[in-house]
Amino acid sequence: MPLDHDAASRTEEARAILRANDRGGYTVPSARMYPFQWNWDSPLTAIGWACFDPDRAWQEFETLTSGQWPDGMIPHIVFHAPSDGYYPGPDAWGTSHAPRTSGISQPPVAATCLRRLVDGAADREAALRRARPLIVKLTAWHRWWHETRDPAGSGLVACLHPWETGRDNAVEWDAPLAGVTSRVEVSALRKDILHADPAERPTHDYYNRVMTIVEDGKTVGWNGPAFHARSPFRVCDLGIQSLLLRADEDLAVLAREAALPDIAAALEAWRVRSLAAMTRLWNPATGAFHSLDLLTGRLTESVGIATLLVLHAGAASRDQALTVIETWTRGTATCRFAAPSTLPAIPGFDARRYWRGPVWPFMNRLVADGFTRYGRDDLAERLRTDTRTLIAQSGFREYFDPFTGAGLGGKDFSWTAAAWLVWAGHDAGAAAD
Ligand code: GLC
């Protein structure tokens, strides 16, 4: 049902959501459903904070990196304070870091968001001084991706768990997960289905498989190389590959400006290597980029939103970009709202279930940025107005049905509020960064 208040009051509402989800230096994605600090939610929410409380935005990066492991990994969840509203909590992960954390990572968007923060700062010199230790920490994390998760130096980084990709139950992971034999039964432990309609959440079978991978990580004491060698799930996720490429570029720019030339050179070298490897993810037959199952050597068949993140990374040639845009535009013609997380014709598409079809506002912003990078401000603007309409009609929900615009998943969601503040709530204009 349409909300009857105007854009200004929605902006107030978005700020109020961030304040309500603030736990003192970090923002929970959603108060009941996700009561800890999540890796990629945090910087994407920080840029929302920066619109009205820049100091609070910086803190978000500082608390997130307090969870960094000695090997450089920044975990996907930092459990700063106990809460029994979420499964799997710290005991289920069984890691030994303080503060307690999960044992896997998430898409590396922090550097890109940090650059935005510096670019928007009133005092650039002061911002670069505050950014300096963060640049060093984020580079250690990027190194972890490029080395621990790519021991052969192929230019393609591995994800060992679907939750690392951030698109937790995307259709892309069905085939690789089919190769994981469940050894646990966790349906009775799940809390997510208490907070959201089970029809909008992953299945029990899925949960048993993903928690089996967690058991594998625990078995090797979460040792990076050992987990890489052992995990029954090992894919190069097009999303992480692309976001890392973009983040390497953004971090290198910051590092040069912060007088860290060695770091900048390392980041630039990684970017060159990763860019060259992108040809392995391109399929001329589908006119799209795909994720790659590193255990079977097969490209995933599904075409999902990650194919557009390649544009955000500036990693497609002009011809590839034209083709991807054509594939996507044709494939989503039946959707009232852009951009679904999977093309509707793909088997396994589900308009209401999590990453299998719904629209995610923060993702639309990243994709819009990619369209702008390739000169398609018109498509970027369509994403912005669609996102604006979805939020106006259905509130600050976690995700939305691409056909009806119905709001789905969690409510009062932090990165949805941030996407409004930095982009969708603006009166006009193309992508924000
Ligand atoms: C879900 C999403 C993931 C996100 C988390 C917190 O698990 O799939 O991308 O980080 O919720 O919002």
Side-chain angles (χ1 to χ4, degrees), residues 17-18 21-23 26-48 60 64 67 74-80 83 85-89 92-93 101-110 113 159 161-173 177 190-198 200-203 206-207 210-211 213-214 237-240 242-243 291 304-306 309 340-342 350 352-367 396-400 407-419:
I17 287 172
L18 295 196
N21 289 345
D22 185 8
R23 295 291 174 274
Y26 70 97
T27 315
V28 298
S30 145
R32 291 177 60 225
M33 199 157 158
Y34 298 110
F36 306 106
Q37 187 174 29
W38 258 259
N39 185 321
W40 73 325
D41 296 62
S42 185
L44 288 165
T45 299
I47 59 175
E60 201 69 36
L64 179 65
I74 300 185
H76 103 288
I77 305 174
V78 187
F79 300 106
H80 293 286
S83 167
Y86 178 80
Y87 173 82
W93 287 97
T101 71
S102 69
I104 57 171
S105 199
Q106 245 191 345
V109 295
C113 297
C159 294
H161 194 292
W163 293 347
E164 280 197 322
T165 71
R167 303 184 322 287
D168 301 16
N169 71 329
V171 177
E172 285 137 293
W173 316 140
L177 268 183
R190 290 180 67 179
K191 305 258 173 81
D192 58 314
I193 42 183
L194 306 178
H195 304 306
D197 181 345
E200 297 162 18
R201 299 289 307 172
T203 61
Y206 167 91
Y207 256 78
V210 295
M211 289 311 294
I213 306 173
V214 170
D237 162 33
L238 185 56
I240 292 207
S242 303
L243 293 167
S291 296
I305 191 84
L309 290 178
S341 34
T342 306
D350 184 333
R352 296 178 69 84
R353 201 183 288 272
Y354 220 28
W355 287 98
R356 304 179 76 86
V359 176
W360 295 68
F362 83 92
M363 193 59 105
N364 275 1
R365 193 184 68 82
L366 298 175
V367 167
F396 291 93
R397 299 296 298 268
E398 187 177 10
Y399 43 96
F400 300 84
L408 304 167
K411 296 186 174 142
D412 296 339
F413 226 83
S414 293
W415 61 11
T416 307

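Both ligands and their constituent atoms are indexed starting at 1 by order of listing.
- Heavy-atom contacts of G166 reach the following atoms of ligand 1: 2 (C), 3 (C), 8 (O), 9 (O) (cutoff under 4.0 Å).
- Partner of W415 under the ring-ring contact (aromatic ring centres under 6.0 Å, His included) criterion, out of W40, Y34, F396, Y399: W40 alone.
- Closest protein heavy atom to atom 4 (C) of ligand 1: D41 OD1, 3.5 Å.
- Taking distance alone, with nitrogen or oxygen atoms compared against 3.5 Å, W38 stays at or beyond that limit from ligand 1.
- Ligand 1 has at least one atom lying under 4.0 Å from a heavy atom of Q106.
- Aromatic ring centroids of Y86 and W38 lie under 6.0 Å apart.
- Under a 4.0 Å criterion applied to the non-hydrogen atoms of F413, ligand 1 contributes the atoms 12 (O).
- For a threshold of 3.5 Å applied to N or O pairs, the pair formed by W355 and ligand 1 contains at least one separation below that value.
- Nearest heavy atom pair, residue H76 against residue S105, reads CB-O, 3.2 Å.
- The Y354 neighbourhood of ligand 1 comprises atoms 1 (C), 2 (C), 7 (O), 8 (O), with distances under 4.0 Å to a heavy atom of that residue.
- For the pairing with P162, the side chain to side chain contact (heavy atoms under 4.5 Å, CB included) check across D168, D237, L177 returns one residue only, L177.
- For the residue pair P107 and G166, the shortest heavy atom distance occurs at CD-N, 4.0 Å.
- Residue contact check: P29 has heavy atoms under 4.0 Å from atoms 6 (C), 12 (O) of ligand 1.
- Residue W40 touches ligand 1 through its side chain alone, judged by heavy-atom distances below 4.0 Å.
- Look at W415 and you'll find a heavy atom under 4.0 Å from some atom of ligand 1.
- Rounded to the nearest 0.5 Å, atoms CG (N169) and OH (Y207) are 9.0 Å apart.
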### Task
Kindly indicate, with the supporting measurements, whether the criterion salt bridge (Lys or Arg N to Asp or Glu O under 4.0 Å) is fulfilled by R352 and D197.
CA-CA 10 Å; R352 296 178 69 84; D197 181 345; 5.1 Å; no
